[in-house]
Amino acid sequence: MKTELCDLLGIKYPIIQGGMAWVADCYLASAVSKAGGLGLIATGQMPPETLKEEIRRARELTGNNVGVNILLLHTRLDEIMQVVIDEKVPVITTGAGNPGKYMEALKEAGTKVIPVVPSVALAQRMEKLGADAIVCEGTEAGGHIGEITTMAMTPQIVDAVSVPVIAAGGIADGRGMAAALALGAKGVQIGTRFMCSTECTIDPKIKEMVLKASDRDTVVTGRSTGHPVRVLKNQLSRLIEKLDKENKAEEIEEKGTGALQRAMREGDISWGSVMSGQIAGLVKEIIPCKQIIEEIMADAENTIESLNNSSLVVK
Ligand code: TUI
């Protein structure tokens with residue numbers, strides 16, 4: 001199964017990896033790219049010097065087909081963008097803001113820009129600014145999210161823009177991928193599923209927490225701060241929920257600082273911020289990225305075929 005996204009990005013399968021701060025390093029990104037998807041190194045608040053090293057290591061591991069996911073809230077954003085431009089990174093996704101200011105310089109460097117957006121209006125604005133494709137990320141996703149579901153938003157963005165749309169949020173298997181394609185998406189972005197890959201370098205206790213999660217185990221915290229994030233429930237999320245009700249945004253920001261690193265790198269399952277999508281309940285084993293991708297592709301093809309052969313019609 002090939003779509004125009006494969007041609008646009010020079011990839012075998014229309015699957016891109018979610019840009020997960022403190023999770024998606026050069027090892028995960030390389031594994032996804034080697035398996036035929038698009039792997040991305042997530043900057044989070046990574047220093048620009050570290051990003052340069054990560055890009056170079058990924059290049060040693062795979063050639064030049066790894067992208068970078070840029071957190072537009074980065075405190076050293078200008079320097080991060082300069083690294084991407086100097087290194088001629090082939091493709092970036094962006095989150096939590098508007099990459100407009102950098103679009104021209106990125107295009108000049110030959111970098112494809114794929115903004116991640118939570119609404120139709122933002123998708124249209126990004127297309128006008130020159131986005132090469134759009135990631136439509138529903139509220140089912142982990143981390144910083146908007147309000148609209150993947151199911152409702154994908155067809156609306158597909159109708160509103162003419163660049164390829166990549167659906168994200170709540171997709172972890174071939175059925176989800178088939179559904180996204182049915183809604184008009186040309187590909188999918190997958191995050192949570194790759195947290196439980198063999199090559200993902202996060203603390204094993206966090207992988208275990210995702211494996212044990214069920215459908216109702218995520219919660220959205222931090223609405224009072226203007227940056228709502230979906231996380232797996234734990235002691236920290238319960239405290240932040242309480243602070244949210246009291247509108248103590250400043251205290252929440254304080255508690256949040258360092259909490260993602262504490263979870264993903266130190267394995268603090270109680271007081272770390274364990275960002276994860278609602279689809280965690282579907283993730284049941286730790287396997288290599290290649291197997292994850294090949295199973296998703298095979299299942300998506302089977303799903304689409306079985307919908308085609310009128311097996312759904314009761315005679
Ligand atoms: O960005 C994400 N997910 C993330 S980022 C993150 S780390 C973080 N750090 C500090 C505060 C909050 C989070 C963890 N997960 N997904 C893509 C995404 N983009 N979701 C929502 C948006 C978004 C929001 C507003 C995109 C554009 C936007 O535009 C506002 C504007 O400036 O016009």
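One-based numbering, in listed order, for ligands and for the atoms of each. It should be emphasised that the depicted structure is a prediction, and the values quoted were computed from it without experimental measurement.
- At under 3.5 Å, a nitrogen or oxygen of H144, whether backbone or side chain, sits near a nitrogen or oxygen of ligand 1.
- The side chain of L122, and not its backbone, has at least one atom closer than 4.0 Å to an atom of ligand 1 (non-hydrogen atoms only; side chain from C-beta on).
- Interface atoms of ligand 1 facing M275, defined by a heavy-atom separation under 4.0 Å, are 14 (C).
- In this structure the side chain of R56 reaches within 4.5 angstrom of the side chain of E87, judged on heavy atoms.
- Between the side chains of N234 and S270, no donor-acceptor pair of N or O atoms lies under 3.5 Å.
- Contacts between L71 and ligand 1 below 4.0 angstrom, taking non-hydrogen atoms only, involve the side chain exclusively.
- Considering backbone and side-chain atoms alike, A96 places an N or O below 3.5 Å from some N or O of ligand 1.
- Transitive grouping of hydrophobic side chains (ILVMFWY, heavy atoms separated by less than 4.5 Å) keeps L72 and I145 in distinct clusters.
- Here the side chain of S306 pairs a donor or acceptor atom with the backbone of T303 at under 3.5 angstrom.
- Panel note: side chain R265, backbone W22; a donor-acceptor pair is recorded below 3.5 Å.
- Each of the following atoms of ligand 1 lies closer than 4.0 Å to a heavy atom of G143: 14 (C), 15 (N).
- The backbone N or O of L71 sits less than 3.5 Å from a side-chain atom of T43, completing a donor-acceptor pair.
- With a 4.0 Å heavy-atom cut-off, ligand 1 is reached by the side chain of P118 but not by its N, CA, C or O.
- For the ligand labelled ligand 1, residue G97 lies inside the 4.0 Å heavy-atom shell.
- In this structure, atom 10 (C) of ligand 1 lies nearest to the protein heavy atom L73 CD1, 3.7 Å.
- With a 4.0 Å heavy-atom cut-off, ligand 1 is reached by the side chain of R125 but not by its N, CA, C or O.
- For ligand 1, the atoms closer than 4.0 angstrom to any heavy atom of V116 are 17 (C), 19 (N), 26 (C).
- Defined by atom type and a distance below 3.5 Å, a donor-acceptor pair is present between the side-chain atoms of E140 and T150.
- If you look at M20 next to ligand 1, there are no close heavy atoms at all, none under 4.0 Å.
- Taking CD1 of I70 as the start and OG1 of T93 as the end, the distance is 8.0 Å to the nearest 0.5 Å.
- Residue contacts with ligand 1: E137 is placed with a nitrogen or oxygen under 3.5 Å of a nitrogen or oxygen of the ligand (distance criterion only).
- Linking Ile, Leu, Val, Met, Phe, Trp and Tyr residues whenever their side-chain heavy atoms come within less than 4.5 Å leaves V66 and L8 in two separate clusters.
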